[in-house]
Asks: 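I'd like to ask some things about the structure below.
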Amino acid sequence: MSIPLRFVALSGLLAAGAASSLAARGAETPANDAPATESGVPVVYVVPMSGQMGTDIHPSIYDEVVKDVMEVQPDVIVYQLKSADIDNNFYLAGNDDRREFGLAKIGEYRDLVRTLHEKLDARQVMWVEDSVGLGSLLALSWPEMYMSEGARLWGLARISAMAGGWSDPDVASKMLNAWVGMGNGFLQIGGYPLEIGWAMMRPEYNLSASFKGRKVTWTNDTAGQWVVDSSGDNVANFNASLAEDMGLSQGTVENLDDLMFLLGFREYEEAESGKEMVEKYVSDWRRTFDRCKTWWADAQQKMGWASGDDAIKYLGSAKTDLERILRACRQYPAVEARWQQDYGMSILQLELQIEGIKDQIGDMRRGNQGRGRGSGNRGRGSGGGGRGL
Amino acid sequence: MQIRIASILMLLVATFALQGVASADQYELTFDNGSSWRGEDGDRVDVVFSEQGVSQSMTGEIMKIDGRPGFEIVFIRGEIAGRVATKGIFAPDIERMTASGASAVEAAPADADRGGDRGGKSSSGDKRAKVASEPAVTTVGEDGKLESSKPGVFFMPWEGPVGIEARHDEIKAIIEEADKYGPGQIIVLQINSPGGLVLEGDKIHETLKDVKQRHRVIAWVKEAISAAAFTSLHCDEIYFMQVGAMGSAVMYAGQTAISGAELDAWLEKFSEVAEIGGRDPIIARCMVTRTAMASYDKDPETGKVTIYPDMRGEYDISDDQNVLTLNVDNAIDCGYADGIANTTDELAALLDLPEWHEVNDSGRRIHERWQRSVKQCRERIPRLQAELQRNPERAITLLKELLGWYNRCYPVLVYEMGLPPDPDPIRRQIEEIRRQRANNRN
């Protein structure tokens, strides 16, 4: 992987402008202890975390990014998070499409966070451009967090929603506290207190903070000096200014230059390879997924046409379409996840359907057209029972 | 029709034969660990294989090898459990197969070589590299026990639903491995499980209670929910990963939590387990039922923790509205966890080891072997069901394979896929098909 570097000097008016805007927001004076590289300029590696949790933001691409970061050896790694289940995101195309909500793969996200923490030893900074939903778990997994103007740190009610559907109060509490406990694991690796997690994940919990010098004490009541959440019906959410006021966010920034300035770097080089890798991955899997939708529609149509003299031809063509989808699912876990979510089919079920069509073609070639027809879908719902086995 | 089935069968047999042999009468099998065996019917072999996740061995004569590539069944006639019998072994379950007598007895030092610092990752073939990087040597002591020249641990990941992927059998297997080295070994279970079956918990309880008499057992918690929390609490020491969570051990059936005498007994058992692990039972009870409470005071000078079964303490652990799940902060502060380790090196330091060293890779292999079986079972059974519908003429073969899976991967079939616990109806079905076919022929 080549390492394109972009040199940015915060000089003259730019630096002055940034400094004044930061000062206006109450930011602290940048430190001057920036580490130096061979060129004397620190290198920042930006890792985009943009889009749907569980597909666009998926461990498979970050494994590659980690390798690249280890090669580049930057001074600072910035995780640029923009993942909101509602509003303002490119992949929602102007409306809140539930299919684009973050996937509930807590274990996967936890392993991703652990990998990034453990394998990379440069200074790591979380920059929240926007986060609504499970992305907020990632946001809170790093102790040094900055937010964009207008950014949200919302939506961890998703966690308690995952435990819904149990009527027995003890079982309901077991499920709820198990999920919330797992969710709080992210806050713990980020160094945030459990009280914040409880208030952000559980609607019935309040949140207030008391200040003693620079020390903030959080409690799940309304007795603190600053009441963040006094509602018994909603979880606590933070926007950029509240998060900064409460000390969750270290500062509010407009862009990377701003962020680097706050981190104490008046100039820096940006390694852009990570950005390129992630952007390419996202566009590749999404393009492939779109193709899968077309292949699926084609396959359905061809299977409908499969009768008479052309039956074998159309079935063969439908099989080819399904095999393309299968290959795509194997190549991109994101496609596999979305195929499962949107079409209710796993890789195994696709394989079974293809095998069913193969059998059907075989039967037709042998002149036994009745047997085996339609058997491809019978793999669905496996796991339920023995069906006379 | 019969002629057609016969010809199809012949074709199938021929296909299998072509795929399974290296030459006209010679087989070649490649095993998951990269080793391979080549031979023919009548060869005498030593075979080490896994059954239900437990390693077994036998010596015998190859009768035949059947099945499609990757799923061959090796039929060996030899002594097993004290009597001569023919045993069919799934090739994926075979760890090693060598011509009888040809494989030198695998001595302890060879095992030690394989161990390495990250045993599971080193290749057994790359001996030179291992010698350079890993000086630990295993020898046989005067008492017949193995001895490692370097202090280390027996490490095993324990992951997935309890009773299906995370089982008692694997815990027992790693204990047996540690036992070969005599008492005083360190067994580390890396726990990552959302909980599971109560029955499995009972078996684990008996085994861990017993093993603590002779070894030091460590729980390294990433996720220990419900039955996995129960398992962790048995251990002498509990270390959390920073992301760790442990608790929520409400027992329930269907949609309803247990109550009355059943709940009392479960509370009693959970308390006992906490005490076995040297922990206060008050906190453990909060993991079992919503209404149990716990809080504590902490002496600022000595750090001594006093735990109360109500909310009178300065620090809350659990109120009467919530089942308890502990995270790093509260687990450490109230003394339920012994430390935080995100990496093996950090864990080694907490265990007072000079460095992270796994005595051998048996725990990783035990874990991987069972996980592989589970994966294969999950992939194969739905296919088998589909094949049964598509090819009823192969029903006997397929049903026999299903019976084989009962032997190999029972928990997945029964607890996950919902097949009947007793496979007898399947045996009867095979007999019925045979009878029908015999009648048709007559």
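This structure is a prediction, so every number in the text was calculated from the model and none was measured. Every chain is numbered from 1 and lettered A, B, ... according to where its sequence line falls, protein lines coming before strand lines.
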Asks: Verify, without hydrogens or angle tests, whether A:N177 (side chain) and B:L324 (backbone) share a donor-acceptor contact under 3.5 angstrom.
Replies: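 Between the backbone of B:L324 and the side chain of A:N177 there is no qualifying donor-acceptor contact (under 3.5 Å).
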
Asks: What distance do A:L194 atom CG and B:N330 atom CG have between them, rounded to the nearest 0.5 Å?
Replies: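 So the gap between those two atoms works out to 5.0 Å.
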
Asks: Looking at every heavy atom in both B:P382 and A:L348, which two are closest together, and how far apart are they?
Replies: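 In this case the closest contact between B:P382 and A:L348 is CG-CD2, 3.4 Å.
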
Asks: Hey, are the side chains of B:R290 and A:K174 touching, using non-hydrogen atoms and a 4.5 Å cut-off?
Replies: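 No - every pair of side-chain heavy atoms lies 4.5 Å or more apart.
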
Asks: Return the set of residues passing salt bridge (charged side-chain N to carboxylate O under 4.0 Å, His left out) with A:K105 (not counting sequence neighbours), or none when no residue passes.
Replies: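 A:K105 satisfies salt bridge (charged side-chain N to carboxylate O under 4.0 Å, His left out) with no residue once adjacent residues are dropped.
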
Asks: Using a 3.5 Å distance criterion without hydrogens, assess whether the side chain of A:D168 forms a donor-acceptor pair with backbone atoms of B:A257.
Replies: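 The answer is yes, because a donor-acceptor pair under 3.5 Å joins these two groups.
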
Asks: List the steps, then state whether side-chain contact (heavy atoms from CB on, under 4.5 Å) holds for B:R383 with A:E355.
Replies: CA-CA 9 Å; B:R383 282 205 161 76; A:E355 282 165 25; 3.2 Å; yes

Asks: Determine the option with the most heavy-atom pairs under 4.5 angstrom with chain A, choosing from B:M287, B:R378, B:K222.
Replies: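 Looking at each option in turn, the highest pair count goes to B:K222.
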
Asks: In the structure I gave you, are the side-chain heavy atoms of A:V171 and B:Q255 within less than 4.5 Å of one another anywhere?
Replies: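 Side-chain contact under 4.5 Å: no.
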
Asks: If you round to the nearest 0.5 Å, how far is CD of B:Q389 from CG of A:D359?
Replies: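 Rounded to the nearest 0.5 Å, the CG-CD separation comes out at 11.5 Å.
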
Asks: At a heavy-atom separation under 4.5 Å, does A:D111 approach chain B through its side chain, its backbone, both, or neither?
Replies: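 The side chain, not the backbone.
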
Asks: At under 4.5 Å between heavy atoms, what parts of residues 238-250 of chain B are in contact with chain A? List them by residue number.
Replies: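 Contacts with chain A: B:M241, B:Q242, B:V243, B:A245, B:S248, B:A249, B:V250.
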
Asks: Just wondering, do A:R110 and B:E223 contact through their side chains at under 4.5 Å, heavy atoms?
Replies: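 Result yes, sub-4.5 Å side-chain heavy-atom pair found.
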
Asks: Enter the distance from A:D170:CG to B:T291:OG1 here, rounded to the nearest 0.5 Å.
Replies: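 Nearest 0.5 Å value for the CG-OG1 distance: 6.5 Å.
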
Asks: If you take all heavy atoms of B:I225 and A:A178, which pair is closest and at what distance?
Replies: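 Where B:I225 meets A:A178 most closely, the heavy atoms are CG2-CB, 3.8 Å.
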
Asks: Which residues in residues 315-323 of chain B have any heavy atom lying under 4.5 Å from a heavy atom of chain A?
Replies: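 Within residues 315-323 of chain B, near chain A: B:Q321, B:N322, B:V323.
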
Asks: Rounded to the nearest 0.5 Å, how far apart are OG1 of B:T343 and NZ of A:K119?
Replies: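 Answer rounded to 0.5 Å: 13.0 Å.
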
Asks: Which pairs pass side-chain hydrogen bond (donor to acceptor under 3.5 Å, both in side chains) with one or both residues in residues 181-199 of chain A, sequence neighbours excluded?
Replies: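 Found A:Q188-B:D329.
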
Asks: Measuring from A:I189:CD1 to B:N342:CG, what's the distance to the nearest 0.5 Å?
Replies: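 The CD1 atom of A:I189 sits 5.5 Å away from the CG atom of B:N342.
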
